[in-house]
Amino acid sequence: MSVRLRLTLLYGLLFFMAGALLLFVMSVLMANILGNVKVIGLGITDAEAAELQHQFVEQTMKQLVGRSLMALAGVGVITLVLGWFVADRALSPLQRVTTTARRLSESTLHERIALEGPDDEIKELADTFDAMLERLGQAFDSQRRFVANASHELRTPLAINRTLLEVALGDPEASDDLCTVGRTLLATNARHERLIEGLLLLARSERELTTRNPVDLAEVAATVLEHSARREHDNDVAVHRELTSGTALGDPVLLEHLVSNLVENAIKHNDADGGELWVRTGMLDGYATIQVENTGAVVPAYEVERLFEPFRRLNADRVESAKGAGLGLSIVRSVVLAHRGAVYAVPRPGGGLIVTVRLQPG
């Protein structure tokens, strides 16, 4: 039972109890008053007068109680209806708190309830909730600044290392052993650079959006697939395009990173030979939707949700891998939440994954 229904029933019960008590007191007083009425008539004995008085009191009390009960029932029904609306009005501030809490995410912690009205218990609850949101917002901002600053500080020495290694490898007098070590270090340095870029993108995507423009997901997916086709990949994947127009409202750069991460993740975690990839865009149930489906290893259903956590990969945690650092899907989820959308993934029958992203239409 909802609180609104419980309050309505409580109001009705209190009314019926008060009405029954009032009816009992009124009946006692009315019976006492009628008992003092004397029947006077010519040729009537005292016994006959007493009998007439008794019949009069009895019939009057029956009619009084019966009609009073009918009136109590009618007014009680009206009281229940009014109690339903009064309870709704009394609980409307709590409904506002609940609606705000459901709408909030890491990217919308700037919103406040800002409840106006008398300083009662409900306003105190709303003010306490606003204060908690303020503390949470400051904590998330501090965390994002730390990640962004740390990533920026790490990019400079990595860039210097890459330059020194490229200069050393470009020396014609460099020995074979030195070239081998240099290429290994250069590959390791490139992997660390990709990790730092991923952290920067993750920190940026968790901020509130400053740009909201209509973006056609079909055009974004086509651009990403063209860029991906120019790059070399470790495995040969057949790409199937099913692109229809689907306009979303958001940041074009972040949405391009979202699609790029989905495509790159599907290529890296695909079959080594004969892998396939499907990219679909369009409007679904009123939402701008992009879906990326790929073949690959069998993904247990209980592992799917963990893949959206940072530094997570299937059957591995924070393990050095040429397939990346495990930030791809976490960046996707962060960008989707910043756009107030939804992302979910399901295992593909036969192996692989199907990831679907729904965004607000533009």
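In this chain, residues are counted from 1 in sequence order. Computed from a prediction, not measured in an experiment: that's the story for all the values here.
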**OP:** Report the distance from atom CG of L164 to atom CG of L169, rounding to the nearest 0.5 Å.
**Re:** 11.0 Å
**OP:** Kindly work out whether a path of hydrophobic side-chain contacts (I/L/V/M/F/W/Y, heavy atoms less than 4.5 Å apart) joins L72 to V77.
**Re:** no
Subject >> From CG (L165) to CG (L185), nearest 0.5 Å >> reply: 5.5 Å
**OP:** Please say whether more than 12 non-hydrogen atoms of neighbouring residues, nucleotides or ligands are located less than 6.0 Å from CZ in F15.
**Re:** yes
Original post:
Tell me, which pairs form a salt bridge (Lys or Arg N to Asp or Glu O under 4.0 Å) where one or both residues lie in residues 15-33, sequence neighbours left out?
Top reply: none
Subject >> Partner set under side-chain contact (heavy atoms from CB on, under 4.5 Å) for V25, not counting sequence neighbours >> reply: L21, L29
**OP:** For T184 and G182, indicate whether the former's side chain and the latter's backbone hold a donor-acceptor pair under 3.5 Å.
**Re:** no
**OP:** Looking only at non-hydrogen atoms, find the nearest pair between A288 and A248 and report the distance.
**Re:** CB-CB, 3.7 Å
Original post:
Can you list every side-chain hydrogen bond (donor to acceptor under 3.5 Å, both in side chains) pair that touches residues 61-78, not counting sequence neighbours?
Top reply: none
Original post:
Tell me, which pairs form a side-chain hydrogen bond (donor to acceptor under 3.5 Å, both in side chains) where one or both residues lie in residues 158-169, sequence neighbours left out?
Top reply: R162-E193
**OP:** Would you check if N261 and L329 make a side-chain contact, meaning some heavy-atom pair closer than 4.5 Å?
**Re:** no
Original post:
What distance separates N294 CG from N265 CG, expressed to the nearest 0.5 Å?
Top reply: 7.5 Å
Original post:
When hydrophobic residues are tied together by side-chain contacts of less than 4.5 Å, even through go-betweens, does L284 share a cluster with L249?
Top reply: no
Subject >> Residues in salt bridge (Lys or Arg N to Asp or Glu O under 4.0 Å) contact with D127, at least two apart in sequence or another chain >> reply: K123
Subject >> Heavy-atom closest pair, residues T295 and W278 >> reply: CG2-CZ3, 4.0 Å
Original post:
Is there any side-chain hydrogen bond (donor to acceptor under 3.5 Å, both in side chains) pair reaching into residues 238-249, and which pairs are they, with sequence neighbours excluded?
Top reply: D216-S245, H240-E276, E242-R280
Subject >> Cluster check V239, V224: I/L/V/M/F/W/Y, side chain < 4.5 angstrom >> reply: yes
Original post:
Is there any salt bridge (Lys or Arg N to Asp or Glu O under 4.0 Å) pair reaching into residues 171-187, and which pairs are they, with sequence neighbours excluded?
Top reply: none
Original post:
Which residues pass the side-chain contact (heavy atoms from CB on, under 4.5 Å) test with L94, sequence neighbours left out?
Top reply: L91, I122, L125
**OP:** Please answer: with hydrophobic residues joined when any side-chain heavy atoms are less than 4.5 Å apart, are V343 and M283 in the same cluster?
**Re:** no
**OP:** Establish whether L69 and M26 are linked, either directly or via other cluster members, by ILVMFWY side-chain heavy-atom contacts under 4.5 Å.
**Re:** yes
Below 3.5 Å, can you tabulate the donor-acceptor pairs from side chains in residues 350-362 to any protein atom, sequence neighbours excluded?
residue: T356; atom: OG1; partner: Q291; partner atom: NE2; Å: 2.9
residue: R358; atom: NH2; partner: D285; partner atom: OD2; Å: 3.4

Original post:
When you look at E256 and E219, which way does the side chain to side chain contact (heavy atoms under 4.5 Å, CB included) test go after all the steps?
Top reply: CA-CA 10 Å; E256 183 174 343; E219 296 179 0; over 6 Å; no
Original post:
Could you give the distance from CE (M30) to CG (L64), rounded to the nearest 0.5 Å?
Top reply: 5.5 Å
**OP:** Determine the minimum heavy-atom distance between F16 and A73, stating which atoms define it.
**Re:** CE2-CA, 4.4 Å
Subject >> Taking every non-hydrogen atom, the tightest pair across V215 and G250 >> reply: CG2-O, 4.0 Å
Original post:
Are the side chain of T60 and the backbone N or O of V57 linked by a donor-acceptor pair below 3.5 Å?
Top reply: no
**OP:** Quick one: list whatever passes salt bridge (Lys or Arg N to Asp or Glu O under 4.0 Å) with D271, sequence neighbours left out.
**Re:** none
Subject >> D88 atom CG, over 12 foreign heavy atoms within 6.0 Å >> reply: yes
Original post:
By side-chain contact (heavy atoms from CB on, under 4.5 Å), which residues pair with H54, not counting sequence neighbours?
Top reply: E58
Original post:
Which distance, rounded to the nearest 0.5 Å, do you find between the CD1 of I290 and the CG of L243?
Top reply: 8.0 Å
Original post:
Is it true that a side-chain atom of H339 and a backbone atom of D251 form a donor plus acceptor pair closer than 3.5 Å?
Top reply: yes
Subject >> salt bridge (Lys or Arg N to Asp or Glu O under 4.0 Å) partners for E124, two or more places apart >> reply: none
Original post:
Do other residues, nucleotides or ligands put more than 12 heavy atoms under 6.0 Å from E121 CD?
Top reply: no
**OP:** Tell me yes or no: between the side chains of Q138 and E134, is some donor less than 3.5 Å from an acceptor?
**Re:** yes
Subject >> Closest approach of A345 to V304 (non-hydrogen atoms, all atoms of both residues) >> reply: O-CG1, 3.3 Å
Subject >> Nearest-0.5 Å distance, CG of residue L262 to CD1 of residue I267 >> reply: 11.0 Å
Subject >> Given L82, L80, V81, the one that forms side-chain contact (heavy atoms from CB on, under 4.5 Å) with I78 >> reply: L82
Subject >> pair I331-S334: side-chain heavy atoms closer than 4.5 Å >> reply: no
Original post:
Closest approach of T281 and L217, non-hydrogen atoms and distance?
Top reply: CG2-O, 3.8 Å
